[in-house]
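Notes to accompany the following structure.
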Amino acid sequence: MPDLLLELFSEEIPARMQRKAADDLKKLITNGLVDAGLTYEGARAFATPRRLTLVVSGCTASSPDIREERKGPRVGAPEKALAGFLRGAGLSSIDEATIQSDPKKGDFYVAVINKPGRKAEDIIAGLVPETIRKFPWPKSQKWGVAGEGALRWVRPLHSIVCTFGIDAEAPEVITFDVDGIVTGNTTEGHRFHGKERFDVKRFDDYEAGLKARKVILDLDERKDIILNDAKTLAFAQGLELVEDGGLLEEVGGLVEWPVVLMGSFDEEFLDMPDEVIQTSIREHQKCFVLKDQKTGKLANKFVLVSNLIAPDDGATIVAGNEKVVRARLSDAKFFWETDLKTGLETRLYKLDNMVFHEKLGTQTERVERLIALSSALAPLVGADADKAARAAKLAKADLVSDMVFEFPELQGLMGRYYALAQDEDASVAEAIEMHYKPQGPSDELPSNPVAASVALADKLDLLTGFWAIDEKPTGSKDPFALRRAALGVIRILEDNNIRLSLFDVFKTARPDFTQGRDLMGFFADRLSVHLKDKGARHDLIDAVFGLGNQDDVLMISKRVEALGEFLSSEDGTNLLAGYRRATNILRAEEKKSGETYNGQVEGAHLDAAEEIALAAAIDTARSAAVEAVEKEDFEAAMSALAALRAPVDAFMIEVHVNDERAEVRENRLKMLNQIRETTRTVADFSKISG
């Protein structure tokens, strides 16, 4: 079966766009082939700084013939209806249609449309240009003479290779023109080491031809080379590479033929925090830092990746990088020393001029809210209120430091370093760094109580603030990361075993807050997602929320966990079955009579031994379950409910609920209602499926 080879050769594609662009090319072309009626065996996409490549193997040579019957109007229908039918079916006369009979609807016209299959070459010749013109680059512009060309591409597109066929020695070039760029079967290799163009026949010789001309097509292969060579180079000098996955991905997209080299910088810069050195070298020069194998301390060495095989073994390249690194580290050292001299508290006045949000005030106003809320939360999380207030006061001060202005990603961390340097309490310094966390589902969490109180205050102020001004997430849009903030609150409360009422905290954060129910619904959605990710059943989550007024994250999580364990046991399964039988009878009677059976069971109307036993069991189980829930012992509450299993089973088997005696019948219905209400001490069993 024929194979398709497509290469789009251009000027340098930004590294951050390459992997997605390759995936998009694969998706758009293969989906287009399938939509056109072609099938294929496999597809692979590749990206280098100067090319996107796609190979589709085992493609069918043509799409199948299609026979379609299109039903038309009844025989004798108005001329207007007939004309529309002919036009839609592509017929010139009604005589070209056939007549079919329907026993109910009578005779009607049918157009038989035969669509012959299309050659794969013709489909590709139409699909690829359309894909190129509509390619979803995050950023693109028109390229051509004086930038006025019709084609929008991320960088100027120079050539297109498009070959297709079974004959590996002489595949056919699919010819088409994209705004003056005509397809062919030639490409070129490395910008410096393989610039001459060469012929392409099939993917194997294309890939081999590129490698011979110093281009490694596969991004992941380039990354492996960089990582392995960097580790080897470091190990030879008693050092260890500080791995950085994001930087490795980026550097892999900057080179077509990676050459790993090592440079150094002055030891005096090691007086700065490791993160400052690493960030400066990574952001400015895209280089990796190294640490000593024995001490684990950062070394005054770095690894750089060149795209060039230099005649002097890279000495000039290393020297150039060292010069830039030295200058950048000198800048960072100046920022570090200046910030240390200035301190955190003396910078707070600058927050007056930093707007947090036009409707929510300045950072200074936000800090004032954080101080108040952190102080209020402190006793609830076991923190010292004065230390929580102090940490909240200084939490945003590093935003106006020179270092964070240069490297915003160091916010919080630099605040911690500066706080320790000015002899702040260690828990205060830790809270300054950790109050931004967690930044994602796998990020570390604040663990000390002071840090937890400030982190919770930061996120709850954010959520109540944006809810108050009606700036809520919509669909996939969440510009203020409010989903992340809610999940952060949930994870902090769970991880630190913190109990608190979110409704109360909303009011503490903003006394005039009126959207507590809506915001709690948002938290419920986030908590549901979080618990499902941990393996909890969605119906059990619904069963706990079905109780209403649930605003204690820790208790909700514990209820769901205990309920899941209970229902996986034989007692839980059987009690659920008995509950359903009881509530089905009760609901039917409530619907029929229009009454509810909420009263107390009267002992005088208890007749059968099974109902006497059940009434006693309900009283015992309800009291035990309520007491256990008050103690937050949900396992004990479930055990109390488990005691109902046998008496409920016996009652449902031996006792006829709809007794002829009205008072007995009503009493038994009240007993069924008590079964329902007793289970509601832990969850709404009506929400449980299965």
Side-chain angles (χ1 to χ4, degrees), residues 1-13 18 21-22 24-26 28-30 32-33 36 38 40 43-57 59 61-62 118-135 137 140 142-145 149-218 256:
M1 298 176 77
D3 293 344
L4 167 66
L5 173 63
L6 174 65
E7 181 202 66
L8 306 175
F9 183 81
S10 69
E11 293 295 326
E12 275 71 8
I13 304 166
Q18 290 173 22
D24 285 341
L25 181 64
K26 176 183 174 181
L28 292 168
I29 294 296
T30 55
L33 294 175
L38 301 178
Y40 64 95
R44 289 181 293 163
F46 306 90
T48 79
R50 297 203 297 161
R51 72 199 79 225
L52 294 179
T53 300
L54 174 69
V55 57
V56 182
S57 57
C59 187
S62 64
R118 297 170 61 203
K119 293 176 61 177
E121 291 90 332
D122 295 336
I123 293 171
I124 294 167
L127 172 63
V128 175
E130 180 184 9
T131 300
I132 293 172
R133 293 189 181 99
K134 296 181 179 179
F135 200 79
W137 291 108
S140 62
K142 291 183 178 181
W143 300 99
V145 179
L151 177 64
R152 297 192 69 91
W153 202 247
V154 65
R155 295 291 187 271
L157 186 63
H158 290 318
S159 66
I160 302 171
V161 169
C162 189
T163 66
F164 182 79
I166 299 175
D167 187 353
E169 295 303 318
E172 178 183 348
V173 174
I174 307 295
T175 304
F176 53 83
D177 180 314
V178 181
D179 299 297
I181 303 172
V182 181
T183 53
N185 66 335
T186 65
T187 189
E188 65 181 72
H190 193 281
R191 181 180 289 278
F192 303 109
H193 303 304
K195 194 168 179 61
E196 71 282 357
R197 298 191 71 80
F198 66 98
D199 291 341
V200 173
K201 295 179 180 179
R202 60 193 184 280
F203 177 72
D204 288 345
D205 77 281
Y206 165 78
E207 184 178 32
L210 286 177
K211 186 164 288 189
R213 293 163 178 82
K214 301 296 184 285
V215 174
I216 296 173
L217 187 61
D218 190 345
E256 290 191 318

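Taking CG of L4 as the start and CD1 of I174 as the end, the distance is 7.5 Å to the nearest 0.5 Å. Rounding to the nearest 0.5 angstrom, the gap separating the CG atom in L54 from the CZ atom in F203 is 9.5 Å. The CG atom of L210 sits 9.5 Å away from the CG atom of D205 when rounded to the nearest 0.5 Å.
Within the 4.5 Å cutoff, no side-chain heavy atoms of I132 are placed close to those of I181. Taking the side chain as every heavy atom from C-beta outward, L8 and L157 approach each other to under 4.5 Å. Looking at R50 and E188, their side chains come closer than 4.5 Å, going by heavy atoms from C-beta outward. For the pair E7/V200, no side-chain contact is recorded, criterion being any heavy-atom separation below 4.5 Å from C-beta on.
If you run side-chain hydrogen bond (donor to acceptor under 3.5 Å, both in side chains) between T48 and each of H190, E256, E12, only E256 comes through.
For the pair R44 (side chain) and T53 (backbone), a donor-acceptor distance under 3.5 Å is absent. The backbone N or O of S10 lies less than 3.5 Å from no partner atom in the side chain of R155, so there is not a single donor-acceptor pair.
Qualifying salt bridge (charged side-chain N to carboxylate O under 4.0 Å, His left out) partners for D177, counting only residues two or more places apart in sequence or in other chains: none. Here D3 pairs with nothing under the salt bridge (charged side-chain N to carboxylate O under 4.0 Å, His left out) rule; sequence neighbours left out. A search for side chain to side chain donor-acceptor pair (under 3.5 Å) contacts involving Q18 returns nothing, not counting sequence neighbours. Applying the ring pair (Phe, Tyr, Trp, His ring centres under 6.0 Å) test to F135 and every residue at least two apart in sequence or in another chain returns W137, W153.
For F46 and Y206, the ring centers sit 6.0 Å or farther from each other.
Closest approach of L217 and R51 over heavy atoms only: CD1-CD, 4.1 Å. Minimum interatomic distance between T30 and A43 (heavy atoms only, all atoms of both residues): CG2-CB, 3.8 Å.
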I'd like a table of donor-acceptor pairs (distance under 3.5 Å, sequence neighbours excluded) in which one partner is a side-chain atom from residues 118-131, with atom names and distances.
residue	atom	partner	partner atom	Å
E130	OE2	K134	NZ	3.4
T131	OG1	L127	O	2.9

Extract all donor-acceptor atom pairs below 3.5 Å that involve side chains of residues 158-165 and protein atoms in other chains or at least two apart in sequence.
residue	atom	partner	partner atom	Å
H158	NE2	E11	OE2	2.5
S159	OG	R197	NH2	3.4

Step by step, would you call E207 with V55 a side chain to side chain contact (heavy atoms under 4.5 Å, CB included)? CA-CA 11 Å; E207 184 178 32; V55 57; over 6 Å; no
